[in-house]
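What you see below is based on every heavy atom in this structure, not just the backbone, and it leaves out hydrogens, waters and symmetry mates. None of the values given here were measured: they were computed from a predicted structure.
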Amino acid sequence: MFGRYFALSATLLAVPAAAMAQSPAATNSKEVSGGQEQGWVLRQDVRRVPVDIVVTDKQGNMVKGLKREDFIVKEDDTEQQVLTFDFEDGTVPAFVPPKLPPLPANTYVNVPGQAEQGPLYVLYYDMVNTLPQDQAAFHQELLNFVDKAAPGTRIALFGNMAGLHLVQGFTSDHAQLRAAINYQGPGPHLPKVFLYGENYGREDLGAAISNLNFLAEYLGGIPGRKNLIWLSGKFPINFGPSNPQAAPADMDIVKHCYAALMRSEIAVYPIDVKGVILWEERGASPAGDAAADLSAAAGTSPGDQGNATQQSTGGLSGASITSIDQQQEEFIANATGGHAYYSNNAVSTLMEKAIENGESYYTISYSPTNMNFDGSERKIEITLVKKSPYILSYRKLYYAIAEDALPNVKGKKSKADELQARFMQTKAQDTLYANIEHGAPMMHDLLFSTHLATEGRPEMATAKQMVELEDSPAFFRTRKKDQTVKPLTPVKLQKYRIDYGVIDPQLKTLAKQKGASAILEFAAAAYDADGRLLNSVLNEGTPPADAGKDGKPAAFHAQQELEVPPGAASIRVAVRDKSTNRTGTLEVPLPLKAEPATQAEKGTV
């Protein structure tokens with residue numbers, strides 16, 4: 001099907017968190033490699049602030065056709081110069097896949113089954129902070145939303161139960177997402193009701209921030225806007241920007257969390273799954289002043305509140321309790337550029353509104369006139385030159401924190417934190433690292449096919465192979481000072497052969513321009529059912545010098561081997577052109593399908 005094979009360099013076992021952190025972080029705010037621009041991020045040397053702006057009319061319809069000169073951008077009342085401007089229309093397919101012929105067993109192409117449109121959406125179902133009675137009602141609402149989701153919308157599902165778990169990676173196959181919601185077998189799944197929220201950090205600020213930081217890290221480096229739909233009954237970030245009552249340490253971790261969300265281009269959409277709250281009248285409320293203080297601190301107007309009738313209970317008014325909850329949701333939305341939704345029993349309708357609100361947006365960036373990145377809060381104000389009834393939604397603030405700065409937790413910064421910070425800097429600039437993660441979206445900037453096959457039977461790992469596995473998350477052990485760690489117990493490793501077929505007209509063109517052949521990176525990573533990395537491999541290869549000499553697109557094969565420990569549930573593969581940073585990825589579920597021996601032996605692609 002494709003042309004000749006070419007050899008890959010020697011196999012290198014790669015552990016992302018450690019190996020990736022060794023690469024130097026980029027210093028330019030907009031990464032450009034081979035003429036291709038990557039997403040804007042806030043960096044220490046060339047500091048630019050990215051802002052996504054959703055512009056709607058009074059009916060909530062997206063307003064299109066605005067130009068750069070239509071916007072006025074201010075930071076702390078000082079007008080800023082807009083350096084970049086773009087518009088992303090999520091109503092138009094971003095990628096229309098070619099029609100593929102039937103493929104042989106265990107052969108895959110990094111092309112989705114249908115057109116993709118809109119940005120990436122993450123459903124973050126926070127069951128820890130949702131009471132059991134609300135979970136039971138919301139389960140059907142979640143299914144209703146999935147059934148109505150627009151074709152081509154790419155959605156991932158995370159659940160916060162006994163820890164944060166990826167339940168379903170990014171997919172535009174909504175039948176697959178529905179099956180993941182209803183799945184009750186081994187591995188990550190959503191229980192219909194989770195009863196033990198008190199045991200796992202209900203209404204705990206530190207736990208909430210930790211989960212948001214993880215999501216920011218997971219999504220970091222994946223280009224474009226990501227809309228994080230936080231589904232919960234409570235949102236424990238219980239203070240807003242510049243709140244003098246907040247403890248300094250708490251405020252510090254919140255600032256760093258918001259900064260991480262901005263760098264990863266994440267807008268948070270808090271959706272209260274409690275619906276409309278009705279209270280029996282039981283007396284006067286002393287909480288009105290507290291609600292008023294929160295409202296004044298937020299400086300925001302309520303969200304979609306509906307027509308709830310709320311009366312007082314137990315000396316604390318239902319209206320005040322609900323107002324405090326809603327103000328917290330508004331804080332989060334305004335700090336991240338999302339929108340808060342609450343007080344509506346049709347929660348699936350609120351989720352649909354969040355999808356519509358975040359699907360199309362204008363993107364600008366500016367270099368702030370105040371170059372003192374001292375951790376202070378900076379307020380952003382964006383208006384239109386001509387007065388209009390349009391509504392502009394965007395992040396209202398950011399924190400001027402250098403990217404390599406770490407939160408001050410009890411005055412200590414561990415080496416592990418510093419290593420993780422360097423890893424995140426590297427990941428942000430390199431699409432390969434961001435997109436080799438389990439459940440990341442399929443990438444098709446560079447197209448390839450791949451055939452996977454087992455080779456031989458599982459064999460017991462050698463002592464050297466077990467040492468190489470020690471740093472992978474599934475085998476990692478905490479090492480204590482002055483304590484000898486016993487070698488890992490050997491496990492059986494199954495060898496997989498991965499055949500790549502790459503066909504890309506740009507490779508030959510770029511080779512002519514640069515006077516040399518392109519260098520491709522081939523990466524493969526095996527994950528268990530919990531999404532933990534088991535083992536990975538990274539190789540480089542150079543296409544044959546005569547590839548594409550007949551005037552046709554350069555076409556060639558490459559082969560790679562990966563030793564996989566027991567318990568593997570999927571293998572993710574990626575191909576990247578180092579000269580342009582164009583990347584293609586896909587993920588293959590295990591076990592592989594049975595196929596004729598002749599096909600497996602030939603490695604047909």
NZ/NE/NH1/NH2 to OD/OE distance under 4.0 Å, Asp325 and Lys234: yes

Met443 backbone acceptor or donor facing Asn110 side chain under 3.5 Å: yes

Heavy-atom side-chain proximity of Leu190 to Met127 below 4.5 angstrom: yes

Heavy atoms from other residues, nucleotides or ligands near CG of Asp374 exceed 12 (cutoff 6.0 Å): yes

Basic-acidic side-chain contact under 4.0 Å: Lys274, Asp134: no

Arg202 to Thr130 - nearest heavy-atom pair and separation: NH2-O, 4.3 Å

Salt-bridge criterion met for Glu88 and Arg225 (N-O under 4.0 Å): no

Note, Thr171 side chain near Ile155 side chain (heavy atom, < 4.5 Å): no

Distance-only side-chain donor-acceptor flag, Asn129 / Asp126, under 3.5 Å: yes

Heavy-atom donor-acceptor pair, Gln80 side chain to Thr369 backbone, under 3.5 Å: yes

Nearest-0.5 Å distance, CD of residue Glu217 to OG of residue Ser264: 8.0 Å

Val122 vs Lys226 side-chain heavy atoms within contact, under 4.5 Å: no

Glu75 CD to Leu397 CG distance, which is reported to the nearest 0.5 Å: 10.5 Å

Donor-acceptor contact below 3.5 Å, side chain Asn344 vs main chain Val347: no

Residue pair Arg178 / Leu143, side-chain heavy-atom distance below 4.5 Å: yes

Beyond-backbone contact of Tyr258 with Val268, side-chain heavy atoms, under 4.5 angstrom: no

Parallel, tilted or perpendicular: ring planes of His339 versus Tyr341, cut at 30 and 60 degrees: tilted

Pro441 vs Leu120 side-chain heavy atoms within contact, under 4.5 Å: yes

Trace of the side-chain hydrogen bond (donor to acceptor under 3.5 Å, both in side chains) decision for Asp89 with Thr91: CA-CA 5 Å; Asp89 189 350; Thr91 63; 2.5 Å; yes

Spacing of Glu265 atom CD and Arg263 atom CZ [to the nearest 0.5 Å]: 12.0 Å

Test item: side-chain donor near acceptor, Asp445 and Thr583, under 3.5 Å: no

Worked verdict on Gln326 versus Ser343 for side-chain hydrogen bond (donor to acceptor under 3.5 Å, both in side chains): CA-CA 9 Å; Gln326 292 170 358; Ser343 293; 3.0 Å; yes

CD on Glu437 to CG on Leu432, rounded to 0.5 Å: 11.0 Å

Chi angles and distances behind the side-chain hydrogen bond (donor to acceptor under 3.5 Å, both in side chains) call for Asn581, Arg576: CA-CA 6 Å; Asn581 210 23; Arg576 183 178 78 121; 2.5 Å; yes

Gln81 atom CD, over 12 foreign heavy atoms within 6.0 Å: no

Test of ring centre spacing under 6.0 Å for His165 and Phe158: no

Reported CG-to-CG distance for the pair Leu392 and Leu384, which is rounded to 0.5 angstrom: 5.0 Å

is_close_aromatic(Tyr125, Phe138), centroid dist under 6.0 Å: yes

Pair Tyr124, Asn211: side-chain N/O donor-acceptor within cut-off below 3.5 Å: yes

More than 12 heavy atoms of other groups within 6.0 Å of Tyr390 OH: no

Ring centroid separation Phe235 to Trp230 under 6.0 Å: yes

Distance in Å, Asn227 CG paired with Ile229 CD1, rounded so as to fall on 0.5 Å steps: 6.5 Å

Side-chain touch Tyr361/Thr363, heavy atoms, less than 4.5 angstrom: yes

Qualifying residue, where the test is ring pair (Phe, Tyr, Trp, His ring centres under 6.0 Å) with Phe71 and the options are Phe87, Tyr362, Tyr366: Tyr362

Asp577/Arg582 ion pair, N-O < 4.0 Å: yes

Residue pair Phe170 / Met442, side-chain heavy-atom distance below 4.5 Å: no

Intermediate values then yes/no, side chain to side chain contact (heavy atoms under 4.5 Å, CB included), Lys386 and Asp70: CA-CA 7 Å; Lys386 296 181 180 179; Asp70 293 326; 6.0 Å; no

Check against side-chain hydrogen bond (donor to acceptor under 3.5 Å, both in side chains), Ser365 and Thr84: CA-CA 5 Å; Ser365 73; Thr84 64; 2.6 Å; yes

Side-chain donor or acceptor of Arg154 paired with backbone N/O of Gly118 under 3.5 Å: yes

Note: Arg572-Glu587 ion pair, threshold 4.0 Å (strictly below): yes

No-hydrogen, no-angle side-chain donor-acceptor test under 3.5 Å, Ser348 and Gln140: no

Ring pair (Phe, Tyr, Trp, His ring centres under 6.0 Å) partners of Tyr394, counting only residues at least two apart: none

